[in-house]
2 protein chains.
Amino acid sequence: MSKSWPVLNAVDTVACCSPLAHEPMTQEQAEQVAPLLKALADPVRLRLMSLVASHEGGEACVCDLTGAFDLSQPTISHHLKVLHASGLLDRDKRGVWVYYRARTDALAHLAALISAPGDALV
Amino acid sequence: MSKSWPVLNAVDTVACCSPLAHEPMTQEQAEQVAPLLKALADPVRLRLMSLVASHEGGEACVCDLTGAFDLSQPTISHHLKVLHASGLLDRDKRGVWVYYRARTDALAHLAALISAPGDALV
DNA sequence: TATCTATGTTGACAGACGTCAATGTCCCGT
DNA sequence: ACGGGACATTGACGTCTGTCAACATAGATA
């Protein structure tokens with residue numbers, strides 16, 4: 001429980017710490033990273049991330065997304081909020097529409113953390 | 001909804017499908033992958049994976065793990081069961097002890113799926 | 001056989017989570 | 001100013017999840 005480093009948000013923590021298998025994670029690191037994975041660990045949110053990331057221009061408005069699911073609009077809005085709050089989606093309101101964009105850097109850092117040792121981090 | 005490919009377990013699905021941002025995931029793919037992420041999306045299980053993966057020999061018995069947490073032994077056993085059931089940990093009973101080993105291939109495939117397009121899959 | 005030790009299982013409980021209907025807010029066109 | 005469309009928030013509901021105490025099982029050893 002050294003708690004020596006400065007306060008970082010979840011994405012920064014993912015960016016700074018070692019791959020899963022290189023050395024044991026501290027409890028603090030785990031508690032910072034787990035919410036990011038939890039945000040991704042839902043079928044609807046996984047598809048939302050995928051739809052946004054693969055959409056032309058790298059961004060999509062809510063109206064592009066709701067049609068892909070058999071869920072109510074508030075439910076989609078809720079999932080987008082979770083992804084935005086965790087730092088995996090950027091939010092940009094333009095006029096009446098709200099556009100979401102995938103934080104590919106956050107995804108890449110998460111991927112680097114999960115993968116086996118030997119994978120370099122930025 | 002082509003549902004044309006044969007039944008695969010979660011790890012195989014991760015191995016076969018495209019990175020998150022390359023093309024939209026199908027609902028079926030998302031429902032196969034999400035449980036893997038959900039298994040990782042807990043601070044205790046993240047640290048368990050990290051402890052096992054970074055332990056000498058690449059494996060660790062339960063007795064090596066329980067001491068790192070302020071949790072009861074049944075709780076650790078429960079988390080290990082979740083990780084094993086999802087295919088992220090291999091289980092090997094030798095005598096009285098049970099050894100767990102990280103499925104680095106599954107982790108690598110998960111990481112490849114999460115990361116941005118351009119990352120090749122095996 | 002009896003006992004000890006390492007690990008898993010069961011049952012119960014509080015809290016978190018996904019979902020929806022209803023409502024609210026903001027912006028644009030008329 | 002008014003009305004409508006795009007999106008968010010609220011409150012409620014059932015379900016899932018993490019945790020523990022108690023108990024069960026299986027292997028080693030005497």
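Since this is a predicted model, take the numbers as computed values, not measurements. Each chain gets a letter, A, B and so on, in the order its sequence line appears, and its residues count up from 1.
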Is a donor on one side and an acceptor on the other found under 3.5 Å between the side chain of [X] and the backbone of [Y]?
{"X": "A/His55", "Y": "A/Leu51", "answer": "no"}
{"X": "B/Arg47", "Y": "A/Glu31", "answer": "no"}
{"X": "A/Ser50", "Y": "B/Met25", "answer": "yes"}

Following the transitive rule for hydrophobic clusters with a side-chain heavy-atom cut-off under 4.5 Å over Ile, Leu, Val, Met, Phe, Trp and Tyr, establish whether [X] and [Y] coincide in one cluster.
{"X": "B/Val62", "Y": "B/Leu48", "answer": "yes"}
{"X": "B/Phe69", "Y": "B/Leu80", "answer": "yes"}
{"X": "B/Val98", "Y": "B/Leu71", "answer": "yes"}
{"X": "A/Leu88", "Y": "A/Tyr99", "answer": "no"}

How close or far is atom [atom2] of [N] from atom [atom1] of [X], stated in whole angstroms?
{"X": "A/Leu40", "N": "C/dC17", "atom1": "CG", "atom2": "P", "result": "15 Å"}
{"X": "B/Leu48", "N": "C/dG8", "atom1": "CG", "atom2": "P", "result": "11 Å"}
{"X": "B/Asp64", "N": "C/dA6", "atom1": "CG", "atom2": "P", "result": "12 Å"}
{"X": "B/Leu83", "N": "C/dT7", "atom1": "CG", "atom2": "P", "result": "16 Å"}

What range of DNA chain D does chain A touch, first nucleotide to last, counting atoms under 4.0 Å from its heavy atoms?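 First-to-last contact on DNA chain D, by the 4.0 Å heavy-atom rule, is D/dA6 to D/dT9.
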N/O (side chain, B/Arg91) to phosphate O (OP1/OP2, C/dT7) under 4.0 Å: no
Using atom names, set out every protein N or O paired with an N or O of nucleotides 20-29 of chain C below 3.5 Å, distance rounded to 0.1 Å.
residue	atom	partner	partner atom	Å
C/dC20	OP2	A/Ser72	N	2.9
C/dC20	OP2	A/Ser72	OG	3.0
C/dC20	OP2	A/Thr75	OG1	2.8

Check every strand shown and say whether A/Tyr100 touches a base, only sugar-phosphate, or nothing at a heavy-atom separation below 4.0 Å. sugar-phosphate
Restricting to non-hydrogen atoms, name the atom on B/Leu37 and the atom on A/Leu40 that form the minimum distance, rounded to 0.1 Å. CD1-O, 3.8 Å
